[in-house]
Visitor: 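Take this structure first; my questions come after.
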Amino acid sequence: MTWSTREIADLAGTTVKTVRYYHQIGLLDEPDRASNGYKRYEVHHLTRLLQIKRLTGLGVPLAQVAGMGTSGDGLAAVLRTVDAELEATVLRLESIRRELAALARPGASPEVPTSFSAVVQDLRGNDRALLTIYAQLFSDESMEALRRTLESHPNDDLDEAFRDLPEDADDTTRQALAERLAPFITPSTTEPGVALEPRATTPGQAEAARRAAGHALRALYNPAQIDVLRRAHLLREADDSGAGTTDDAR
């Protein structure tokens with residue numbers, strides 16, 4: 001008994017177009033033809049079609065199906081690779097579900113990373129934008145430390161004074177605010193009280209992340225605020241340097 005292309009496609013649960021494509025890429029042997037020119041598919045063609053369908057249904061790419069047999073180490077290695085990829089996909093989907101559940105909670109906002117939902121109401125638009133950028137650039141540990149700092153509200157009055165600082169603030173106002181802010185600054189960081197470590201894997205990527213963070217700060221905050229941050233850093237570095245000199249003198 002033999003089958004036409006349409007018949008074998010129906011039996012295998014696929015399409016005529018797919019069967020023809022498998023011929024084209026060498027996955028399925030061309031059958032003999034009857035005297036009328038129609039293809040005559042046999043049992044081994046149906047078996048191969050079902051094998052291809054099963055493997056592709058398990059996630060094996062067609063390119064790998066073409067180069068693998070039906071048994072042995074080659075098949076096992078390909079299946080282990082596919083299984084690892086599926087495991088990664090499952091973990092990613094589980095992470096997405098957790099984030100969706102978190103975003104569905106009262107008070108949550110897609111404007112900031114999910115873990116910052118508890119403080120989102122206290123943040124302004126530029127603060128939220130900066131957090132979103134930081135979450136991309138800096139490590140999970142850095143972001144967790146930043147979250148804890150924001151949730152602890154170390155100095156709400158100081159936060160508001162910085163956020164409300166007008167672009168035309170005079171030198172005296174800037175310096176006074178910088179002096180108030182300096183004790184909360186951690187050296188070599190762009191955020192008060194938190195040392196931000198890039199999630200990059202190379203020095204070049206880390207430097208690019210820091211440059212991007214600096215660019216984001218300058219774009220999201222006015223020049224007076226940036227100047228206050230710069231002054232606060234200088235004050236903190238001077239204090240640390242003085243403390244080091246005193247300790248060495250002892």
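Only heavy atoms go into these numbers, but all of them, side chains included; no hydrogens, no water, no symmetry mates.
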Visitor: Mind checking salt bridge (Lys or Arg N to Asp or Glu O under 4.0 Å) for R128 and listing every partner two or more places apart, or none if nothing turns up?
Guide: E111

Visitor: Assess the side chains of Y22 and D29: does a donor N or O sit below 3.5 Å from an acceptor N or O?
Guide: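 On atom types as modelled, these side chains do not qualify, holding no pair under 3.5 Å.
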
Visitor: Could you tell me which non-hydrogen atom of A118 sits nearest to which non-hydrogen atom of E151, and how far apart they are?
Guide: CB-OE2, 3.5 Å

Visitor: Does a sphere of radius 6.0 Å around CD in Q136 hold more than 12 heavy atoms from other residues, nucleotides or ligands, not counting ones at 6.0 Å or beyond?
Guide: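 Check fails, neighbour count at 12 or below.
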
Visitor: May I ask you to decide whether R231 forms a salt bridge with D171, counting only side-chain N to carboxylate O separations under 4.0 Å?
Guide: yes

Visitor: Is there a chain of hydrophobic side chains (I, L, V, M, F, W, Y, each step under 4.5 Å between heavy atoms) that links L79 to L62?
Guide: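 Linked within one cluster.
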
Visitor: Grouping I, L, V, M, F, W and Y whenever their side-chain heavy atoms are under 4.5 Å apart, do V228 and L235 come out in a common cluster?
Guide: no

Visitor: Could you please spell out the steps behind the side chain to side chain contact (heavy atoms under 4.5 Å, CB included) verdict for V65 and Q51?
Guide: CA-CA 9 Å; V65 173; Q51 289 171 346; over 6 Å; no

Visitor: State whether the side chain of T56 and the backbone N or O of I52 hold a donor-acceptor pair below 3.5 Å, judged by distance alone.
Guide: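 Yes; judged by distance alone, with no hydrogens or angles, the pair exists.
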
Visitor: Distance check, rounded to the nearest 0.5 Å: K53 atom NZ versus R48 atom CZ?
Guide: 15.0 Å

Visitor: Do L131 and P113 have side-chain heavy atoms sitting under 4.5 Å apart?
Guide: yes

Visitor: Would a distance-only check, ignoring hydrogens and angles, find a side-chain to backbone donor-acceptor pair under 3.5 Å from T149 to A145?
Guide: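 A pair under 3.5 Å: yes.
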
Visitor: When rounded to the nearest 0.5 angstrom, what distance separates CG in D159 from CG in L123?
Guide: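 It is 9.5 Å, given to the nearest 0.5 Å.
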
Visitor: So that I can tick it off, tell me whether R124 and E160 are bridged by a salt bridge, with the cut-off set at under 4.0 angstrom between side-chain N and carboxylate O.
Guide: yes

Visitor: Any side-chain to backbone donor/acceptor pair from T89 onto E85? Under 3.5 Å, distance only.
Guide: yes

Visitor: Taking all atoms of both residues into account, what is the closest heavy-atom pair of P166 and A224, and its distance?
Guide: O-CB, 3.3 Å

Visitor: Taking everything shown except R163 itself, do over 12 heavy atoms lie less than 6.0 Å from its CZ?
Guide: yes

Visitor: Between CD of Q24 and NZ of K17, what distance do you get to the nearest 0.5 Å?
Guide: 10.5 Å

Visitor: What are the two closest non-hydrogen atoms of A161 and R180, and how far apart are they?
Guide: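 A161 and R180 have their closest heavy atoms at CB-NH1, 4.0 Å.
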
Visitor: Hey, quick one: are L58 and L50 part of the same hydrophobic cluster, counting side-chain heavy atoms closer than 4.5 Å, chains of contacts allowed?
Guide: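 The answer is no; the residues belong to distinct hydrophobic clusters.
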
Visitor: Grouping I, L, V, M, F, W and Y whenever their side-chain heavy atoms are under 4.5 Å apart, do L86 and L93 come out in a common cluster?
Guide: no

Visitor: Please indicate whether R230 has more than 12 foreign heavy atoms, meaning atoms of other residues, nucleotides or ligands, lying under 6.0 Å from its CZ.
Guide: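 Buried by this count: over 12 neighbours within 6.0 Å.
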
Visitor: Does a side chain donor of either T114 or E99 reach within less than 3.5 Å of an acceptor in the other side chain?
Guide: yes

Visitor: Mind checking whether Y41 and H23 have parallel, tilted or perpendicular rings, split at 30° and 60°?
Guide: parallel

Visitor: Do the side chains of D10 and R6 get nearer than 4.5 Å, heavy atoms only?
Guide: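 Yes, their side chains come closer than 4.5 Å.
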
Visitor: One pair to check against side chain to side chain contact (heavy atoms under 4.5 Å, CB included): Y221 and L130. What are the steps and the verdict?
Guide: CA-CA 10 Å; Y221 295 89; L130 190 67; 3.9 Å; yes

Visitor: P183 and R236: which non-hydrogen atoms are nearest, and at how many Å?
Guide: O-NH1, 3.3 Å

Visitor: Do L150 and L146 make a side-chain contact, defined as non-hydrogen atoms from C-beta onward lying under 4.5 Å apart?
Guide: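 Yes, at least one pair of side-chain atoms sits under 4.5 Å.
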
Visitor: So F116 and M143, do their side chains get closer than 4.5 Å, heavy atoms only?
Guide: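 A side-chain contact under 4.5 Å exists here.
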
Visitor: Measure the NE2-CZ distance between H45 and R40 for me, rounded to the nearest 0.5 Å.
Guide: 11.0 Å

Visitor: Measuring from atom OH of Y134 to atom CG of D127, what distance do you get when rounded to the nearest 0.5 angstrom?
Guide: 10.5 Å

Visitor: Looking at R174 and D170, does any basic side-chain N land under 4.0 Å from a carboxylate oxygen?
Guide: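 The answer is no: the pair does not qualify as a salt bridge.
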
Visitor: Okay, side chain of T47, backbone of V43: is any donor-acceptor separation there less than 3.5 Å?
Guide: yes

Visitor: Let me check something: do V16 and Y38 share a hydrophobic cluster, defined by ILVMFWY side-chain heavy atoms less than 4.5 Å apart, either directly or through other members?
Guide: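 No; Y38 is not reachable from V16 via cluster members.
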
Visitor: State whether R97 and E94 are salt-bridged, where the test is any N-O pair (Lys NZ or Arg NE/NH1/NH2 against Asp/Glu carboxylate O) under 4.0 Å.
Guide: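 No, R97 and E94 are not salt-bridged.
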
Visitor: Considering all heavy atoms of both residues, which atom of Q225 and which atom of F162 are nearest to each other, and what is their separation?
Guide: NE2-O, 2.8 Å

Visitor: Provide the closest heavy-atom pair for T132 versus V112 in the form atom of the first, atom of the second, distance.
Guide: OG1-CA, 4.0 Å

Visitor: Would you find a donor on one side and an acceptor on the other, under 3.5 Å apart, between the side chain of E7 and the backbone of S4?
Guide: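 Answer holds: yes.
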
Visitor: K39 side chain to D32 main-chain N or O, any donor-acceptor pair under 3.5 Å?
Guide: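 Absent.
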
Visitor: For atom CD of E30, is the number of surrounding heavy atoms from other residues, nucleotides or ligands below 6.0 Å larger than 12?
Guide: yes

Visitor: Any side-chain to backbone donor/acceptor pair from N126 onto L220? Under 3.5 Å, distance only.
Guide: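 Indeed, once roles are kept as given, a pair shorter than 3.5 Å links the two residues.
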
